[in-house]
Amino acid sequence: MLELHYIRANKERVLQGLKTRNFTEEELGIIEQIIQLDDTRKDTQTELDSLLAERNQLSKEIGSLFKQGKKEEAESQRERVASLKARASELEEKLRSTQESLAEQLYKVPNIPHESVPAGSTEEDNEVFRPWPGELPKLPEGALPHWELAQKYNIFDLDLGTKITGSGFPLYRGKGARLQRALIAFFLDEAVKAGYEEIIPPLLVNEDTARATGQLPDKEGQMYYVERDNLYLIPTAEVPLTNIYRDVILDEKDFPIKLTGYTPCFRREAGSYGAHVRGLNRVHQFDKVEIVQFQHPDKSYDTLHEMLAHVEGVLQKLELPFRILRLCGGDLGFTSALTFDFEVYSAAQHRWLEVSSVSNFETYQSNRMKLRFRDGKSTRLAHTLNGSALALARIVAALLENNQTPEGIVIPKALQDYTGFGLLD
RNA sequence: GGUGACGUGGGUGAGUGGCUGAAACCACCGGUUUGCUAAACCGGCAUACUCUGAAAGGGGUAUCGCGGGUUCGAAUCCCGCCGUCACCGCCA
């Protein structure tokens, strides 16, 4: 969430940012509300603190009066304390409820978009930050979409997944399974080569963790939830990886911290059905290698571009046509300040498929997480960033479609060491 | 799942009702000394909120796993929860 002192000191900038996110005049009122609640909070706290200070002082006096045997004086002081206490508990209650509504309001305010974020309301308005420089691949007549290639080569099976679990849970088999494993290993190796530490995190997380990265309270419906144990299945490795540093105070010299992790990702995707979600285009479970960085605020945008370059490099090695979008205010994630999406071209579907999303959250997550670093005598919030490098299911879809030949599916050179075969047939 | 013990600052660990935001030691930082390193000595060393101040700083409140209770006063007593460890049971 946004820092209160930031909102107070940069009200105009905050309002401007929310406008980029298409907040209406009425919705913008939340900022004034928050400031007023914070005023109340401060006043209440100040009053309560001085009351408690008085009580502590009296208590000390009572102690020494008892020691001196001045019982009567002590008794009268005790009565004074009793009246203080009544007022104090009123104030405590007021403070508690004020803080509660303050937090509730703050949770409703998304991150302030970076100044480069274009205006716009839908994905149509996203800016093509880097178009694909070459020609888009053209497949001969009769080229198959990936779900038909899957049947032809028996590499994954959605019906079996449906039988075992439900729709949207693909089952990979044979060379298809091997291709998954190859891609995961390839992506992890690339990240490790780029200096990221490999992590295997838990796949279920608790409430505190889900709240810290911003999945709760607003994206509750996106996650699978294990009620009995009050745990959530992760929608992305970002959640456990980022939370490693929850409630941590770093040294400036610790930056940058670079983590990578492969995990399956679970998403309910409630309400999205139709032609565009066929095959592997949108599934409830998919594999992904994530990269995460923690960085000094002054350097986080350099880091964002470094991460972009990493993802670019990986896609180039896979020899897939891709473009980079800068998300507009309306499409930008709730917690992000700036996001670039990578899309690969799926030649049989004639569509761009999103395969990576690289974002700078600035202090939005770290404020929820209390992730700080020492800056001289005081502490400051660190910046958090993450990106997919990469999400498997759609990469597989594009790979299958774009590389189909009459003989089989050609595996890009960079992957062949991992698959152990050059042609999937 | 059962039973028992325990949960104090970066670490070890003292502290069973007021003088304890918390001894001591280690680590760390600054300084003195030093041919270099080491040692020795001196000093510093939690976080959040808040008031005050131009600032440096100063004052206050809260925090000894978390939440509640008793009390004029709680790290210390009571209750609940969570976690750790040990043993038993079960088990990849």
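Lettering follows sequence order; numbering is per chain, from 1.
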Sidechain-backbone polar pair: A:Arg394 side chain, A:Asn281 backbone, donor-acceptor under 3.5 Å: yes

A:Phe266 and A:Tyr224 aromatic ring geometry - parallel, tilted or perpendicular at 30°/60° bounds: perpendicular

Separation of the C1' atoms in B:rG2 and B:rC79, to the nearest angstrom: 22 Å

A:Lys175 charged N/C atom sitting above A:Tyr153 aromatic ring, 6.0 Å / 45°: no

Base paired to B:rU47 (Watson-Crick or G-U; both N/O distances under 3.5 angstrom): B:rA62

Atom pair CG/OG1 of A:Leu2 and A:Thr335 - distance to nearest 0.5 Å: 11.0 Å

Mate of B:rC6 where both pairing distances stay under 3.5 Å, Watson-Crick or G-U: B:rG83

P spacing across the pair B:rG67 / B:rG9, given as an integer number of angstrom: 15 Å

Rounded distance in Å between the P positions of B:rG80 and B:rC19: 29 Å

C1' spacing across the pair B:rU8 / B:rG4, given as an integer number of angstrom: 22 Å

Outermost nucleotides of RNA chain B that come under 4.0 Å of a non-hydrogen atom of chain A: B:rG18 to B:rG73

Residue closer to the 5' end of RNA chain B, A:Lys370 versus A:Leu58 (nearest nucleotide): A:Lys370

Sugar-phosphate only, base, or nothing, as touched by A:Arg55 at under 4.0 Å among non-hydrogen atoms: sugar-phosphate

Pairing nucleotide - B:rG21, Watson-Crick or G-U, each distance under 3.5 Å: none

Partner nucleotide of B:rU70 by Watson-Crick or wobble geometry (both distances under 3.5 Å): none

Ring geometry between A:His310 and A:Tyr196 (parallel below 30°, tilted from 30 to 60°, perpendicular above 60°): tilted

Base-pairing mate for B:rU16 - Watson-Crick or G-U, with both contacts under 3.5 Å: none

Distance, P atom - from B:rU12 to B:rA39, rounded to whole angstrom: 23 Å

B:rG17 and B:rG30, which share atom name C1', separated by this distance in whole Å: 39 Å

Residues A:Gln295 and A:Glu306: side-chain donor-acceptor under 3.5 angstrom: no

C1'-based separation of B:rG11 from B:rC45 [nearest Å]: 14 Å

For B:rA38, the Watson-Crick or wobble counterpart (both distances under 3.5 Å): none

Under 3.5 Å: donor-acceptor pair, side chain of A:Ser356, backbone of A:Ser388: yes

Sugar-phosphate, base or nothing in reach of A:Gln77, heavy atoms under 4.0 Å: nothing

Which residue lies more 5' along RNA chain B, comparing A:Thr379 with A:Leu48 via nearest heavy atoms: A:Thr379

G-U wobble or Watson-Crick pairing nucleotide for B:rG1 (cut-off 3.5 Å, both distances): B:rC88

Any residue meeting salt bridge (charged side-chain N to carboxylate O under 4.0 Å, His left out) with A:Asp208, in chain and number order, not counting sequence neighbours: none

Separation between the P atoms of B:rA74 and B:rU20, rounded to whole Å: 16 Å

Sugar-phosphate, base or nothing in reach of A:Thr46, heavy atoms under 4.0 Å: sugar-phosphate

